[in-house]
2 protein chains.
Amino acid sequence: MTSPAVSSRALPHPARDEIRLEGILHALSDPMRLQIVRELAAVSDELSCSHFDLPVTKSTTTHHFRVLRESGVIRQIYQGTAKMNGLRRDDLDDLFPGLLDTLLDAAARQVVRLGDRTGGVG
Amino acid sequence: MTSPAVSSRALPHPARDEIRLEGILHALSDPMRLQIVRELAAVSDELSCSHFDLPVTKSTTTHHFRVLRESGVIRQIYQGTAKMNGLRRDDLDDLFPGLLDTLLDAAARQVVRLGDRTGGVG
DNA sequence: GGCGTACTACGATGCCTATCGTACGAGTCG
DNA sequence: CGACTCGTACGATAGGCATCGTAGTACGCC
């Protein structure tokens, strides 16, 4: 009633205090998920799941996004049929200052060093 | 000879260029291994495996140290029957500047925040 | 040589997880 | 309504991994 414009399908997110460092590290230890986070950081905006062209099926993509959400790395919101994904920068920077930027920098350095194409940012 | 004093049993370590960020994150996503790294960083020296009083058997302890070594986080050297462990600060700081310190800081903050005893440093 | 300590190697076990395929629900557009 | 797109849920599968126990190796000491 009050806000019928967007879908009200709610997605469970961990509260800020429930975010654990081990969970973040585990989530980012997967190359696919690390790439997702790099792309999200590059646009500093929200992207739909379908924006990402990952070399896995949609089922697996859903799985990876859920891992990122449940670990507290990203926030997911439905907008119609699309599900928008954004980094939880505010929460992460508050809990672990500098962690996200350092991890992103480390990932970028590795891409440069290895000449890897996993970045996909550019 | 030049250095016959210590055992020559060699342990396989990844070269600096072989160290991967994903491997580091995976290694540190385990609470036990994160605690080991925190203790090593606290003493900024080398510690034997038996120094650590982990709530697992020696077999499991060996396993965790191997994961840390094979991911490039620590260096292991035999000294007689003991096996000394030290952080690969030089390599890590060169490959990923600030990463190790940021991760250690994040871990410390979490211990303070959660009132957790997993630190064991003090 | 004999003994004790420190660590390893190997096999087993149970859980977690990355992946897939298929069937389904939610929303948009004609 | 009907069709299409986006994403989910569920089951299956294969591989990884944290853990253990036991047997064994390397080293130092007496």
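In what follows, chains carry the letters A, B, and so on, assigned in the order in which the sequence lines appear, proteins first and then strands, with residues in each chain numbered from 1. We use all heavy atoms of the structure for the numbers below, so side chains are in, but hydrogens, waters and symmetry mates are not.
When distances run from any side-chain atom of Ala82(B) to the nucleotides dA6(C), dA9(D), dT19(D), the shortest one goes to dA6(C). Counting only heavy atoms from C-beta on, Thr62(B) has its side chain closest to dC7(C) among dC7(C), dG7(D), dT19(D). Among the nucleotides dC7(C), dA18(D), dT19(C), the one closest to any side-chain atom of Ser48(B) is dC7(C). When distances are taken from the side chain of Val56(B) to each of dC7(C), dG7(D), dT19(D), the shortest belongs to dT19(D). Of the listed nucleotides (dA18(C), dG7(D), dC7(C)), dC7(C) has the atom at the smallest distance from the side chain of Tyr78(B). For Asp30(B), the listed nucleotide lying nearest its side chain is dA18(D); candidates were dA18(D), dG7(D), dT19(C).
A salt bridge is defined here as a Lys NZ or Arg NE, NH1 or NH2 lying under 4.0 Å from an Asp or Glu carboxylate O, and Arg109(B) with Asp94(A) fails to meet this definition. Arg88(B) and Asp93(B) are not joined by a salt bridge, as no carboxylate oxygen comes within less than 4.0 angstrom of a charged side-chain nitrogen.
Residue His26(A) is classed as a sugar-phosphate contact, given heavy-atom separations below 4.0 Å to backbone atoms only. Among the protein residues, Ser50(B) comes within range of the sugar-phosphate backbone only, with heavy atoms under 4.0 Å from sugar or phosphate atoms but none that close to a base. If you check every strand for non-hydrogen atoms under 4.0 Å, Thr60(B) touches a base.
Tracing side-chain contacts under 4.5 Å through hydrophobic residues (I, L, V, M, F, W, Y), one never reaches Leu87(B) starting from Val67(B); they form parts of separate clusters.
Ile74(A) has its CD1 atom 13 Å from the C1' atom of dG7(D), to the nearest Å. Distance, His64(A) NE2 to dT17(C) C1': 9 Å, rounded to whole Å. As rounded to whole Å, 15 Å separates atom C1' of dC10(D) from atom NZ of Lys58(A). Atoms CD (Gln79(B)) and P (dA26(D)) sit 19 Å apart, rounded to a whole Å. Taking atom CE of residue Met84(B) and atom P of nucleotide dC7(C), one finds them 9 Å apart after rounding to whole Å. Arg66(A) has its CZ atom 15 Å from the P atom of dC16(C), to the nearest Å. Atoms CD (Gln76(A)) and P (dG7(D)) sit 10 Å apart, rounded to a whole Å. Across the protein-nucleic acid pair, Asn85(B) atom CG and dA6(C) atom C1' stand 12 Å apart, rounded to whole Å.
Judged as a side-chain contact (heavy atoms from CB on, under 4.5 Å), and not counting sequence neighbours, the contacts of Glu70(B) are Arg66(B).
For dA18(C), one of the phosphate oxygens OP1 or OP2 lies less than 4.0 angstrom from a side-chain nitrogen or oxygen of Arg33(A). The side chain of Ser59(A) contributes no N or O atom lying less than 4.0 Å from OP1 or OP2 of dC10(D). Taking 4.0 angstrom as the limit, Thr57(B) places a side-chain polar atom (N or O) nearer than this to OP1 or OP2 of dC20(D). The shortest distance between the side-chain N/O atoms of His63(B) and the OP1/OP2 oxygens of dA9(C) is not below 4.0 Å.
Applying the side chain to side chain contact (heavy atoms under 4.5 Å, CB included) test between Leu100(A) and each of Asp105(A), Ile24(A), Asp91(A), Leu92(A) identifies Leu92(A) as the sole match.
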*Where do Gln79(A) and Glu46(A) land on the side-chain hydrogen bond (donor to acceptor under 3.5 Å, both in side chains) test, with the steps shown first?*
CA-CA 11 Å; Gln79(A) 283 190 2; Glu46(A) 305 214 328; 4.9 Å; no
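Between the side chain of Thr81(A) and the base of dG7(D) there is no donor-acceptor pair of N/O atoms closer than 3.5 Å.
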